[in-house]
Asks: 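Following this message is one structure expressed as structure tokens.
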Amino acid sequence: MSDVDGRHLHAGTPVPDVDLETYRTLSLEDQAHEASKIDGVTITHRRDRFPVPGTKAEKRAERVVALCFVAAFVGALAFTVCYVVLPWRYDISSDSYAWFTPVLGLTMAISLFGFGLGAILWAKLLITEEESVQERHGGYSEQEDRETTAAIVSDGWDMTGIARRPLLQRVLGLSVLALGALAIVPLGGLIKKPKGELFRTGWAEGTRLMTGDRRLVRPGDIEAGGIETVFPATEEGLSMQVRADSVVLLIRLRPGQTVTPRPDQEDYGWQDYVAFSKICTHAGCPASLYEQQTGRLLCPCHQSQFDLLQDAKPVFGPAARPLPKLAITVDDEGYFVARRDFNEAIGPSFWERP
Amino acid sequence: MSQTTSERRPTPTRRNTGPVGKAADWADERYTGSGLTRRALNKVFPDNWSFMMGEIALYSFVILLLTGVYLSFFYDPSMTEVRYNGSYELLRGVEMSRAYDSTLDISFDVRGGLLMRQIHHWAALLFVAAMTVHMLRVFFTGAFRKPRELTWLLGVTLLTLGIVEGFAGYSLPDDLLSGTGLRIAHAIMLSIPVVGTWVAYAIFGAEFPGTDIIPRLYIAHVLLIPGLILAIITVHVGLVVKQKHTQFPGPGRQENNVVGERMYPSYGAKGGGFFFLVFGVMAALGGLVQINPIWLYGPYNPAHVSAGSQPDWYIGFLDGSTRLFPAWEIRLWDYTISPLVWPCVVLPGIMFTLLALYPFIEARLTKDRALHNLLQRPRDVPVRTSLGAMALTFYTVLLISGGNDIIAAKFDISLNAMTWAGRIGLIALPPIAYVLTYTICLGLQRHDRQILEHGVETGIIKRLPSGEFIEVHQPLGPVDDHGHSALEYAGAAVPKRMNRLTHPGRKAKGFLWKVQDPDEVQDRSGTEAALEAGLETNERRELAGRPKDPEL
């Protein structure tokens, strides 16, 4: 209800009316008071923090604020200079570059912090103290607005005639549903049918065991109690996929240690060597902390513990299944080879896993 | 419409001078924004330290946008295998994904890149932390009640999105740590009954790890999720502006008003300054405190893992629940339900659903359908406060258990003992927290009432003629023949120490500078807001000086 040339600054607000002419004659402070009232704001308390100008306290406050902005200026300047001047490239033979990031961070922090603190202290120390009260209007609109809006909505609805056209209601509903499908169906491009890779790994009959640095493994290569992480030997480099599902831990037991094999897996080991999938059956991390004294393998992600001497049975933590065992033997040339792929899916459980 | 000039609005008088005034005239003659601008400048903000948590969250999001755009100039979300040939000699010649390679470049071959990366990471941690603490503040003070249920729902959505956004972000470097996190995420997807493998294949595009996940996470991290967060923040903050802030009860503060400072100039200066403070702290952390040194972890290799692998803190509770949950695998004929589904899918699902629905649950149980603009002190709503303490205890046990291997190693405790302590604590501690909190709330309530009735303890011991010793109490209001005030508790803080009487809620200054000389500044008494107890100014003056002898 702005009434530019009219009598009043504001109509309909419960504050004393002041006409524009009188308003112009008021002091700036009083104008602000009146202007706030239009927005339902009453300045209930207003106090100049330093009514006597030029006191020591005022100068001190001013100096503090000024100091903050000086810090902001100096910090930004220092940041720029350091950014240009300081050595920053990594150099293995000297530590000179090591100052770059900390100094940049520090100067940037000084600059930003100084600026922010300056603004806040200005507000807290110098800006006239105030307390204002703003009206909060009721939780709902004016009755008039509620009813008139409802009338417009109902009338418009009647104008469409949808209430008495059941055929249109139905086909409209149907087409809206179908349009919803339009938004979702193209996401079908994301769907891929799992093709049984989860049950297969890179191991096959006669595949040699190869370490991460591409060495084939012979029985004499590992000391008693030692372990070796191995992959299927390939001519070309290993793909991530193969590394992720075929990684195996080859373990040479200590003298006197024996593994009680699972039924039908009596011949999976070779002399004092056994090989288990390294992928934890809980959440798929490589279970890699081996304690040779106890023959226990710990997964560092969720602390599942497998007892290798009990055929990698889970003995503590959240894993429920033993690590799958790879059947190994030694070929004619004296290298370790797999006898076949794992006889179960490796890694974490999933619905289709029998 | 009328065509005659006389019926149009007359041209306003240009009374403004100077460049700002001219610019204002220019804008107003085109966009009529004067009224709107005045309303915005006049908006009153209540002032309380606890209201700043949401601001910190907002500001850290802005910092994330700024630093994130910078990082996107250099980061390449590709899983193509390359051989590293950058400045960091220790990794030269190592095969790695282009994503990891470009992250190393940001850290070593972009001037100032490491600073930006570290600020970005710290700001992400702070973003989720600030949202969490902000949510706790809103919860414990009842700010979520009608009419602000939708604001709460949007807030819970923001928290959830923030966690997902953070996870997507720290997976992008494709280093050993984040790759391990992705592998666990993959296992969690696989664990969903019936559709798990389909979900995992849809998201990863192939058997783990495939080559799609990093590009997909990238576009989710830089476009999809931040876009959603930005849109929801706009609505969330817009609702706060529309409905105005809640405030704590106090002198003059009522359901139908807001007491505080106007946006311009005081609050704007404070709020704007606070943004720079937050940014400054982030810059200091980003420069001085190393975070996520990916070059030490090496590129992702599914066969390797480092001991003490920890996610960012906001995923810690899930890591904890995963560690604590027993190895219960369910076999249904030819199918398997993975033990992972309970702690990683069902539990967070329940937690976040309860969180989202809490305002509605409470309203239904208390049958409270009124509008609330005044906050509650946690002690005055002991059931809610105790429920909150219970939930917080549950969460804390999960969070601690997420780092139980580190704690076990540092304090030389058995890891298995830590796991069992977590399992038992998760069930036993929340009810204890409930009972304790409830008791404390009631005790605090009683203390408030006691002070309103008897007054503040002065520490002055007086000996009566009968030889009896009593402590002199300073009553807060007019007293009857027995020295008792009949002040009603009004939901606001009650002063409990003598030095809180004159300037309620303000500490005396004097740590760095001497207490201001009264001659230098205006006399404060009489202008301060009235005492919490709601006394008349002159009465308060009388009380404020020194303790009156109680009438005995």
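Chain A is the first sequence line, chain B the second, and so forth, proteins listed ahead of strands; every chain is numbered from 1.
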Asks: Between B/N416 and B/S414, do the side chains contain a donor N or O and an acceptor N or O under 3.5 Å apart?
Replies: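 Side-chain D/A pair, B/S414 to B/N416: absent.
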Asks: Which one wins on heavy-atom pair count under 4.5 Å against chain B: A/Q241, A/K193, A/R89?
Replies: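 Top option by heavy-atom pairs under 4.5 Å: A/Q241.
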Asks: Against chain A, work out which of B/G280, B/P302, B/S107 has the most heavy-atom pairs shorter than 4.5 Å and name it.
Replies: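 That would be B/P302.
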Asks: Select one option (side chain, backbone, both, neither) describing which atoms of B/Q310 are under 4.5 Å from chain A's heavy atoms.
Replies: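 Nothing of B/Q310, per the 4.5 Å heavy-atom cut-off to chain A.
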Asks: Out of A/V64, A/L121, A/V65, which one pairs with A/L126 under the side chain to side chain contact (heavy atoms under 4.5 Å, CB included) rule?
Replies: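 Only one option passes, and that is A/V65.
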Asks: Below 4.5 Å from any heavy atom of chain A, which atoms of B/K43 appear? Answer side chain, backbone, both or neither.
Replies: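 Contact with chain A involves both backbone and side-chain atoms of B/K43.
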Asks: If you count heavy-atom pairs under 4.5 Å between each of B/S266, B/G179, B/G196 and chain A, which one has the most?
Replies: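 Option with the greatest count: B/S266.
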Asks: Main chain of A/P322, side chain of A/T281: is a donor-acceptor contact present, judged purely on distance under 3.5 Å?
Replies: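 No; zero donor-acceptor contacts below 3.5 Å.
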Asks: Examine whether an atom of B/R331 lies under 4.5 Å from a heavy atom of chain A, and if so say whether it belongs to the side chain, the backbone or both; otherwise answer neither.
Replies: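 The side chain, not the backbone.
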Asks: Could you tell me which portion of B/I119 (side chain, backbone, both or neither) has an atom closer than 4.5 angstrom to a non-hydrogen atom of chain A?
Replies: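 The side chain, not the backbone.
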Asks: Given heavy-atom pairs under 4.5 angstrom as the criterion, report whether the side chain, backbone, both or neither of B/N373 touches chain A.
Replies: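 Both backbone and side chain of B/N373 come within 4.5 Å of chain A.
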Asks: Using a cut-off of under 4.5 Å for heavy-atom pairs, which of B/E89, B/E329, B/K270, B/R262 has the most such pairs with chain A?
Replies: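 Max contact count across the listed options: B/R262.
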Asks: Is the gap between the ring centers of A/F350 and A/F199 under 6.0 Å?
Replies: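 Yes, the ring of A/F350 comes within the 6.0 Å limit of the ring of A/F199, centre to centre.
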Asks: Heavy-atom distance under 4.5 Å to chain A: side chain of B/S401, backbone, both or neither?
Replies: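 B/S401 has no heavy atom closer than 4.5 Å to chain A.
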Asks: Look at atom NZ of B/K244 and say whether more than 12 heavy atoms of other residues, nucleotides or ligands are closer to it than 6.0 Å.
Replies: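 Result for NZ/B/K244: enclosed.
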Asks: Should the heavy atoms of other residues, nucleotides or ligands under 6.0 Å from OH of B/Y335 be counted, would the total exceed 12?
Replies: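 For B/Y335, atom OH is not crowded (no more than 12 foreign heavy atoms under 6.0 Å).
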Asks: Select, from B/L114, B/D405, B/T322, the one with the greatest count of heavy-atom pairs under 4.5 Å involving chain A.
Replies: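 Of the candidates given, the most pairs with chain A belong to B/T322.
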Asks: Side chain from CB out, backbone as N, CA, C, O: work out which of these in B/Q243 comes under 4.5 Å of a heavy atom of chain A, or both, or neither.
Replies: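 For B/Q243, the backbone is the part near chain A, not the side chain.
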Asks: Less than 4.5 Å apart, side chain to side chain, heavy atoms only: is that true for A/H282 and A/C299?
Replies: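 Sidechains of A/C299 and A/H282: no contact.
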Asks: Could you tell me whether the SG atom of A/C301 lies less than 2.5 angstrom from the SG atom of A/C280?
Replies: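 Cysteines A/C301 and A/C280 do not qualify as a disulfide pair, their SG atoms being 2.5 Å or more apart.
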Asks: Under a 4.5 Å cutoff for heavy-atom pairs, which residue among A/M108, A/K278, A/Q303, A/M240 has the most contacts with chain B?
Replies: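 So the answer, after comparing A/M108, A/K278, A/Q303, A/M240, is A/Q303.
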Asks: Sort out for me which residue in B/F274, B/F275, B/F276, B/F279 forms a ring-ring contact (aromatic ring centres under 6.0 Å, His included) with A/F115.
Replies: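 When B/F274, B/F275, B/F276, B/F279 are each tested with A/F115, the ring-ring contact (aromatic ring centres under 6.0 Å, His included) holds only for B/F276.
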Asks: Does B/W295 have more than 12 heavy atoms from other residues, nucleotides or ligands lying within 6.0 Å of its CH2?
Replies: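 Check passes, neighbour count above 12.
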Asks: What part of B/H245 gets closer than 4.5 Å to chain A, counting heavy atoms only: side chain, backbone, both or neither?
Replies: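 Contact with chain A: backbone only.
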Asks: Using a cut-off of under 4.5 Å for heavy-atom pairs, which of A/G284, A/P348, A/A123 has the most such pairs with chain B?
Replies: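 Heavy-atom pair counts peak at A/G284.
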Asks: Top residue by heavy-atom pair count (under 4.5 Å) with chain A, among B/I337, B/T180, B/L371, B/D109?
Replies: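 That would be B/D109.
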Asks: Chain A: which of B/G273, B/A200, B/A187 shares the most heavy-atom pairs with it under 4.5 Å?
Replies: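 Max contact count across the listed options: B/G273.
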Asks: Does the structure place the NZ or CZ of A/R243 under 6.0 Å from the centre of the six-membered ring of A/F231, at an angle of no more than 45° from the ring's axis?
Replies: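 The answer is no; the distance or angle limit is not met.
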Asks: Look at A/E291 together with A/R296 and state whether they make a salt bridge at an N to O cut-off of under 4.0 Å.
Replies: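 Result for this pair is no, no salt bridge flagged.
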Asks: By a 4.5 Å heavy-atom criterion (distance strictly below it), what part of B/P147 contacts chain A: side chain, backbone, both, or neither?
Replies: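 For B/P147, no heavy atom lies under 4.5 Å from chain A.
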Asks: Contact part of B/F325 toward chain A, heavy-atom cut-off under 4.5 Å: side chain, backbone, both or neither?
Replies: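 Looking at B/F325, just its backbone touches chain A.
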Asks: Using non-hydrogen atoms only, which part of B/L332 is less than 4.5 Å away from chain A: side chain, backbone, both, or neither?
Replies: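 Only the side chain of B/L332 comes within 4.5 Å of chain A.
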Asks: Less than 4.5 Å to any heavy atom of chain A: does that hold for the side chain of B/V110, its backbone, both, or neither?
Replies: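 Looking at B/V110, just its backbone touches chain A.
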